[in-house]
> 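After the structure tokens below, expect a handful of questions from me.
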Amino acid sequence: MSDVLNDLKMLLHRTIPSANIIPTRMPLTPWLQLWLLDDSNMDRPFSPEEIRVIWEAPPYWCFCWASGQIMAQYIEQNPDSVKDKVVVDFGAGSGIAAVAAAKFGAKRVIACDIDKDAIVSCKANAALNNVEIEFSEDFFQLISELNEPIDTILAADVLYDRDNIPLLSLLRKECKSILMADSRVKNLNVEGYQQFSEGNAETLPPLERFDEFKHVIIYRAAGDTEINQP
Ligand SMILES: C[S@@+](CC[C@H](N)C(=O)[O-])C[C@H]1O[C@@H](n2cnc3c(N)ncnc32)[C@H](O)[C@@H]1O
């Protein structure tokens, strides 16, 4: 087993000691696999206590969220959205959007997540899908160090934390365009963001608690660096 996969399994066992992760093919984008929680190796459903622990300190990276799946499908159907571009997957989690961007010809892809464990997951999933991805734990440090402009920021299911809503305006300042997929905020009202696509997917592995979050809206915003071009 590779070192990164070993590390990932150890991180999972800290939260759910009896759990395992397995390569899981995404139903909407079967060319893409992720190391996700294996709910079939358990001879019982998650106990209420396990669900409580998962809900309180979620290892987001071992689930694939509906928004990430719809974003990957969008990228497959619209490869020009990433081809030859510098792409940042903000709130990458498992890195599904980053993997999709790398698969469909992005020039450079950076998976960014504040959760160190998610970065390990992105590394394992980049290896699983044979793609090259860079990593960052801090978006603002990333932009201060990047030696070229960001073309596209992808953000899937980051508004579960409402504190991220004000960040949407800041993200626009740092790129040419943003694609944001979300299933939780039903009437997003942030200047510049327009709804333009939608889809349905189920969080994997499925947890009943997430059923209400199956319908995903994709928003698009032009970034300031595009708007301000001469
Ligand atoms: C619900 S998960 C979505 C993961 C993935 N994008 C998907 O759709 O499957 C949200 C992720 O965003 C990350 N996140 C939340 N706020 C963030 C921030 N301010 N900067 C970077 N990552 C953030 C979390 O750590 C988590 O991994």
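Residues take their numbers from the sequence shown, with the count starting at 1. We count ligands from 1, going down the list as the structure has it; atoms in each ligand are counted the same way.
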> Looking only at atom types and distance, does a side-chain atom of Asp161 sit under 3.5 Å from a main-chain N or O of Asp163, one as donor and one as acceptor?
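Looks like yes, one N/O pair under 3.5 Å.
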> Determine whether any heavy atom of Leu167 lies closer than 4.0 Å to an atom of ligand 1.
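Within the 4.0 Å threshold, so yes.
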> When you measure from the centre of the six-membered ring of Phe104, is the NZ or CZ of Lys83 under 6.0 Å away and within 45° of the axis?
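No cation-pi geometry.
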> Taking Asp151 for the side chain and Val86 for the main chain, is one N or O donor matched with an acceptor at less than 3.5 Å?
yes
> Of all the non-hydrogen atoms in the protein, which one sits nearest to atom 12 (O) of ligand 1, and at what distance?
Gly91 CA, 3.3 Å
> Would Asn164 count as being in polar contact with ligand 1, using the rule that some N or O on each side must be under 3.5 angstrom apart?
yes
> When you measure from atom 24 (C) of ligand 1 to each heavy atom in Trp61, Tyr160, Phe90, Phe140, which option holds the nearest one?
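The residue whose heavy atom sits nearest atom 24 (C) of ligand 1 is Tyr160.
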> Does Ser67, backbone or side chain, put an N or O under 3.5 Å from an N or O of ligand 1?
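Between Ser67 and ligand 1 (N or O atoms, distance only) the closest approach is not under 3.5 Å.
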> Verify the neighbour count for atom CD of Gln77: are there more than 12 heavy atoms of other residues, nucleotides or ligands below 6.0 Å?
yes
> Return the residue, atom name and 0.1 Å-rounded distance of the protein heavy atom closest to atom 1 (C) of ligand 1.
Asp157 O, 3.3 Å
> Can you find a non-hydrogen atom of Ala92 under 4.0 Å from ligand 1?
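Checking ligand 1 against Ala92, which is what was asked, there is a heavy-atom contact under 4.0 Å.
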> Checking Thr29 side chain against Trp31 main chain: does a donor-acceptor pair fall under 3.5 Å?
no
> Between Asp113 and Ile119 (side chain of the first, backbone of the second, donor and acceptor by atom type, cut-off under 3.5 Å), is there such a pair?
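No; zero donor-acceptor contacts below 3.5 Å.
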> Which of the atoms of ligand 1 are close to Asp115, meaning less than 4.0 Å from one of its heavy atoms?
25 (O)
> Could you check, using the six-membered ring where one of them is a Trp, whether Tyr60 and Tyr160 have ring centers closer than 6.0 angstrom?
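For Tyr60 and Tyr160, the ring centres are under 6.0 Å apart.
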> Return a yes/no value for Trp65: is any of its N or O atoms, backbone included, closer than 3.5 angstrom to an N or O of ligand 1?
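Right, the criterion is met.
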> Which of the numbered atoms in ligand 1 are under 4.0 angstrom from any heavy atom belonging to Ala156?
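Going through ligand 1 atom by atom, the ones under 4.0 Å from Ala156 are 3 (C), 5 (C), 6 (N), 8 (O).
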> Looking at atom 21 (C) of ligand 1, what's its closest protein heavy atom, distance included?
Ile114 N, 3.4 Å
> How far is atom 25 (O) of ligand 1 from its nearest protein heavy atom, and which residue and atom name does that atom have?
Asp113 OD1, 2.6 Å
> Among the heavy atoms of Asp161, does any lie under 4.0 Å from an atom of ligand 1?
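For ligand 1, residue contact (heavy atoms, under 4.0 Å) with Asp161 is absent.
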> Tell me whether Gly68 has any N or O atom under 3.5 angstrom from an N or O of ligand 1.
yes
> Okay, side chain of Thr203, backbone of Trp65: is any donor-acceptor separation there less than 3.5 Å?
no
> For ligand 1, which atoms sit closer than 4.0 Å to a heavy atom of Gly93?
4 (C), 27 (O)
> Would Cys112 count as being in polar contact with ligand 1, using the rule that some N or O on each side must be under 3.5 angstrom apart?
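N/O-N/O distance below 3.5 Å does not exist for this pair.
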> Please check if the number of heavy atoms outside Lys116 that lie under 6.0 Å from its NZ is greater than 12.
no
> If you measure from atom 2 (S) of ligand 1 to every heavy atom of Phe63, Tyr60, Phe213, Phe139, which option wins on shortest distance?
Tyr60
> Do Phe196 and Tyr219 make the cut of ring centroids closer than 6.0 angstrom?
no
> After noting the C-alpha distance and the side-chain angles of Glu145 and Gln141, does the key distance pass the side-chain hydrogen bond (donor to acceptor under 3.5 Å, both in side chains) rule?
CA-CA 6 Å; Glu145 291 172 0; Gln141 186 179 342; 3.0 Å; yes
